[in-house]
Amino acid sequence: MNLSSKILVFRFSDNVSDLQITSEVKHFIADLSDVNLEVVNKVKEKFINFDKSLSNKDSSFVVVSEFSFDDDLNIVPTLQEAYDFIEMEEMERELNN
């Protein structure tokens, strides 16, 4: 199974309640590229908590946003950079095993 099949990308406009997360999904990308700073600030705490819940599970969580709204979250400006970030984290995990 390739890495991209283990990544779930969700956009703020998606109906998140309809997402079907399987045990094969290891990495998450929140695409906030079309969301203004006011909305980002409203969901920021939920993203921080979600990121913490993944910390010991060999999973990655990346936020795509033009705003850098938290120093502890992995925030990148484009979707491609989010994929690249996850790929780099996977390589680091493999090297450390």
Side-chain angles (χ1 to χ4, degrees):
M1 182 179 301
N2 67 15
L3 181 59
S4 63
S5 65
K6 297 180 182 183
I7 299 174
L8 174 67
V9 178
F10 58 96
R11 290 172 179 78
F12 197 78
S13 59
D14 287 344
N15 186 349
V16 178
S17 64
D18 289 344
L19 291 176
Q20 294 186 5
I21 300 172
T22 67
S23 61
E24 294 177 358
V25 174
K26 287 185 61 174
H27 310 291
F28 302 86
I29 299 173
D31 186 354
L32 303 181
S33 56
D34 294 329
V35 177
N36 66 40
L37 186 57
E38 180 182 337
V39 173
V40 168
N41 283 326
K42 289 181 181 178
V43 296
K44 176 171 86 170
E45 286 302 316
K46 291 186 186 292
F47 286 152
I48 291 169
N49 291 333
F50 181 68
D51 184 55
K52 287 178 185 175
S53 74
L54 296 175
S55 64
N56 294 326
K57 296 184 173 129
D58 286 337
S59 297
S60 301
F61 177 54
V62 183
V63 178
V64 177
S65 177
E66 63 183 275
F67 310 107
S68 180
F69 55 88
D70 186 84
D71 291 337
D72 294 326
L73 288 175
N74 302 311
I75 303 172
V76 296
T78 67
L79 192 55
Q80 182 59 53
E81 287 178 85
Y83 280 105
D84 293 345
F85 185 92
I86 290 171
E87 188 174 336
M88 292 298 294
E89 281 199 334
E90 275 294 291
M91 283 190 248
E92 287 178 16
R93 287 184 188 110
E94 288 175 13
L95 290 172
N96 290 332
N97 287 335

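- The aromatic rings of F10 and F47 sit tilted relative to each other, their planes meeting at an angle between 30° and 60°.
- Residues F28 and I7 are not in side-chain contact: their nearest non-hydrogen atoms beyond the backbone lie 4.5 Å or more apart.
- Scanning all heavy atoms of the two residues, the minimum distance from I75 to F67 falls at CG2-O, 3.5 Å.
- A donor-acceptor pair is defined here as one N or O able to donate and one able to accept, closer than 3.5 Å; such a pair exists between the side chain of H27 and the backbone of S60.
- Scanning all heavy atoms of the two residues, the minimum distance from A82 to V76 falls at N-CG2, 3.5 Å.
- A donor-acceptor pair under 3.5 Å is formed between the side chain of N74 and the backbone N or O of F61.
- S33 places no side-chain N or O within 3.5 Å of a backbone atom of V64 that could act as its donor or acceptor partner.
- Residues V40 and S65 approach most closely at CG2-OG, 4.4 Å, considering heavy atoms.
- The CG atom of N36 sits 8.5 Å away from the NZ atom of K42 when rounded to the nearest 0.5 Å.
- Here the shortest heavy-atom pairing between L79 and R11 reads CD2-NH2, 3.8 Å.
- Using a 4.5 Å cut-off on side-chain heavy atoms (C-beta onward), V62 and Y83 make no contact.
- Follow the hydrophobic side-chain contacts under 4.5 Å out from M88 and you never reach L73; the two are in separate clusters.
- For the residue pair V25 and L8, the shortest heavy atom distance occurs at CG1-CB, 3.7 Å.
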Show, in sequence, the C-alpha distance, side-chain angles and deciding distance for N49 and E45, and conclude whether the side chain to side chain donor-acceptor pair (under 3.5 Å) test is met.
CA-CA 6 Å; N49 291 333; E45 286 302 316; 5.0 Å; no
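- Rounding to the nearest 0.5 Å gives a distance of 6.0 Å between NZ of K26 and CZ of R93.
- Side-chain atoms of K57 come within 3.5 Å of backbone atoms of S53 as a donor-acceptor pair (strictly under, hydrogens ignored).
- Taking NZ of K44 as the reference point, atom CG of L32 lies at 13.0 Å (rounded to 0.5 Å).
- Across D58 and E90, no two heavy atoms sit closer than the pair O-OE2, 4.2 Å.
- More than 12 heavy atoms of other residues, nucleotides or ligands sit less than 6.0 Å from atom CG of D84.
- L54 and M91 fall into different hydrophobic clusters, defined by Ile, Leu, Val, Met, Phe, Trp and Tyr side-chain heavy atoms under 4.5 Å apart, directly or through other members.
- A heavy-atom distance below 4.5 Å is not found between the side chains of D51 and D72.
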